[in-house]
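Right, one structure below, let's go through it.
Position 1 is the first residue of the sequence; numbering continues from there.
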Amino acid sequence: MLSTLHHPPRRLSRFFPANNKPRHFHTKPVLSSSQPVTDQSPSSTSPPESQILSIHHSLLSREVTATQLAETYLSRLKLAEPQLKSFIHVSNNVLKEAQSIDDKIKRNENVGPLAGVLVGVKDNICTVDMPSTAGSRVLENYRPPFDATAVKKVKEFDGIVVGKTNLDEFGMGSTTESSSFQVTANPWDISRVPGGSSGGSAAAVSARQCVVSLGSDTGGSVRQPASFCGVVGLKPTYGRVSRYGLIAYASSLDVIGCFGSSVADTGILLSAISGHDRLDATSSKQEVPDFTSQLISAALLESKPLKGLKVGVIRETLENGVDSGVKSTVLGAVSHLEELGCTLSEVSLPSFSLGLPAYYILASSESSSNLSRYDGVRYGNQAAAEDLNALYGDSRAKGFGSEVKMRILMGTYALSAGYYDAYYKRAQQVRTLIQKSFKTALDENDILISPAAPSAAYKIGEKKNDPLAMYSGDIMTVNVNLAGLPALVLPCGFVEGGPVGLPVGLQMIGAAFDEGKLLKVGHIFEQTLQGCRFVPPLIADGIPQ
């Protein structure tokens, strides 16, 4: 298990009250999350490995076929789906595409690094052969005539899109309860939420319904569900991944991100989808490195593999409002980083608490503009009406859910002539302050550390009727979007709750376009983390892995 910090640095000592060592809760022995699906007897102490690399090796060595792998995952998906409801739509072409990969291998043709890998895609990312609804009735049954650039790249690397995952409508929510179609459950405890808005993508990876998945992150929609579901979630730097084909919520904040059951899998997926895209004016021309080239095997690690790495622990993220169990678990992770050789210090971001209200003003304002196109004429399902005004009103009233309507109203109000300076303009000024404070902190530190969320997963329905309480859960993540920085969330332990405990995620924040460093640190951290197996009881107890 994680060791405790016996002599914490002076500036961090106030986070470690006397006789209050970090707590850790462990699941009963379960099946490994990291071995190929054909291996049923993993070591209980083996570190997470790459399922993608295992699949690639198994295919090329002819130990298993892509069709067999696809059948295994589809079987597990169908068994878990009645309880989880991770997917809105499952592709009919999975076995056909798997057979195509098998045929390539039989002909000794080269196959891509994602060959045989089943990829879930959040349903606000366009796919040419499947519906793309953004979780909204206004786009029910809409089938785009093109693939999003990220999806196109997945297919170019021989990845198989298994289906479209559930989400909060247009990405507006933190629980996946505001989907117009269904409520997704958390694989660790089906009475709890998986987080949002990419809850379907996180739950699908956690339950091994697919190998990896794509989500979108506007204010934490990849990182918070990764924490709740015990998987790895990566929000790239704004501009690293093309947004072409991502149904817009807040254009200056939206980013396509990745989920995996290991850091290596997440890095491989990010490598596949990154790069400049002429179809996206915000896409960066920054060179894309091989994100997995610096990942070191556990067998080759030195005694202090992170020696010299400067880590700043964000003071404001471990104060009031954070559950004691989450705080204790994160501090245990901080202790572990020090044992790996990191130099720890406390970092204060005075503008951190201002990020949440600034984010909701900016995001709602941008959404009110972006969603104006869904009027039943240009986009969206059309309601029957006798005149044009009634057509607009009825189409939007019937097509949008309550959460989306509320955010449109908030954004329209903030952009109105009498309130623009007081709200929108001031929020932009706060955004500038946040960007500067992060730059200062990252000039002095290699990475910054915080919890991914102030609590573990909560009960379905617990916060649905209290939007302010739900919004406050985003406080750990929204600042990163406002600053446009990359952040990696990976599971670091458990708190009490559910049948066997609930996972807690550690958030690592890096400088712009420094995803490689985050993946390197995260990979070392997960390989040296002892005593925690992040396979949910839904898989361990009932559904074969």
Side-chain angles (χ1 to χ4, degrees), residues 124 134-139 167-175 177-180 196-197 216-221 238 246-255 351-380 383 385 388-435 463-475 477-484:
N124 62 345
S136 178
R137 294 290 181 190
V138 78
L139 286 175
L167 70 154
D168 287 302
E169 186 177 7
F170 283 100
M172 300 181 188
S174 304
T175 64
E177 291 176 284
S178 68
S179 168
S180 296
S197 63
S216 66
D217 192 311
T218 305
S221 292
Y238 185 84
L246 172 64
I247 297 173
Y249 164 18
S251 302
S252 74
L253 300 165
D254 295 340
V255 176
S351 58
F352 193 87
S353 62
L354 302 177
L356 193 65
Y359 165 80
Y360 273 101
I361 289 171
L362 295 173
S364 297
S365 297
E366 293 186 29
S367 71
S368 73
S369 175
N370 279 327
L371 270 62
S372 64
R373 71 193 69 176
Y374 301 103
D375 54 17
V377 176
R378 291 172 292 177
Y379 291 93
L388 188 61
N389 286 335
L391 185 150
Y392 287 160
D394 290 352
S395 296
R396 291 170 69 81
K398 294 177 181 178
F400 292 142
S402 58
E403 182 66 29
V404 172
K405 292 175 184 175
M406 181 168 63
R407 297 199 190 195
I408 290 174
L409 290 172
M410 289 167 55
T412 304
Y413 180 84
L415 290 174
S416 61
Y419 300 96
Y420 180 90
D421 287 349
Y423 293 103
Y424 185 79
K425 183 178 180 180
R426 184 168 293 184
Q428 290 285 25
Q429 292 170 338
V430 169
R431 184 177 195 172
T432 300
L433 290 175
I434 290 169
Q435 291 169 342
K463 297 187 178 182
K464 186 176 182 181
N465 297 320
D466 188 356
L468 291 180
M470 184 175 68
Y471 298 164
S472 66
D474 299 333
I475 193 168
T477 53
V478 294
N479 286 277
V480 177
N481 295 80
L482 291 170

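Between Met470 and Thr175, the shortest heavy-atom distance links the atoms SD-CG2, 3.9 Å. Minimum interatomic distance between Ala250 and Thr218 (heavy atoms only, all atoms of both residues): CB-CG2, 3.9 Å. Residues Asn481 and Thr477 come closest through the heavy atom pair OD1-O, 3.3 Å. When all heavy atoms of Ala414 and Ser365 are compared, the pair lying nearest together is CB-OG, 3.6 Å. Taking both residues in full, the closest heavy atoms of Gly173 and Ser221 are given as O-OG, 4.4 Å, listed atom of the first, atom of the second, then distance. Ser368 approaches Gly411 most closely through the heavy-atom pair OG-C, 3.7 Å.
The distance from atom CG of Asp254 to atom CG of Leu246, rounded to the nearest 0.5 Å, is 5.5 Å. The distance from atom CG of Asp217 to atom OG of Ser197, rounded to the nearest 0.5 Å, is 8.0 Å. Distance OG/Ser472 to CG/Asp466: 8.0 Å, rounded to 0.5 Å. Interatomic distance, CG of Asp375 versus CG of Asp394, reported as 12.5 Å (0.5 Å rounding). Between the OH atom of Tyr420 and the NZ atom of Lys425 there is a distance of 8.0 Å, given to the nearest 0.5 Å. Rounded to the nearest 0.5 Å, atoms CD (Glu169) and CG (Leu371) are 8.0 Å apart.
For residues 399-416, the pairs satisfying side chain to side chain donor-acceptor pair (under 3.5 Å) are Tyr249-Arg407, Glu403-Arg407, Glu403-Tyr471, with sequence neighbours left out.
Side-chain contact check for Ser252 versus Arg431: some heavy-atom pair is nearer than 4.5 Å. The shortest distance between side-chain heavy atoms of Val377 and Tyr392 falls below 4.5 Å. Phe170 has its side chain within reach of Ile247: a pair of non-hydrogen atoms, C-beta onward, lies under 4.5 Å apart. At least one side-chain heavy atom of Leu362 sits under 4.5 Å from a side-chain heavy atom of Leu482.
Looking at Glu366, its side chain does come within 3.5 Å of a backbone N or O of Ser251 through a donor-acceptor pair. Judged by distance alone, the side chain of Ser180 and the main-chain N or O of Gly135 form a donor-acceptor pair under 3.5 Å. Distance alone, capped at 3.5 Å, is enough to place a donor-acceptor pair between the Arg378 side chain and the Ser372 backbone. Between the side chain of Asn479 and the backbone N or O of Phe352, at least one donor-acceptor pair lies under 3.5 Å.
Using modelled atom types and a 3.5 Å distance limit, the side chains of Asp474 and Ser174 yield a donor-acceptor pair. In this structure, a donor-acceptor pair under 3.5 Å is present between the side chains of Ser178 and Asp168.
By the 6.0 Å contact criterion, OH on Tyr360 is enclosed, its count of non-hydrogen atoms from other residues, nucleotides or ligands being greater than 12. Atom CZ of Arg137 sits in a crowded spot, with more than 12 heavy atoms from other residues, nucleotides or ligands closer than 6.0 Å.
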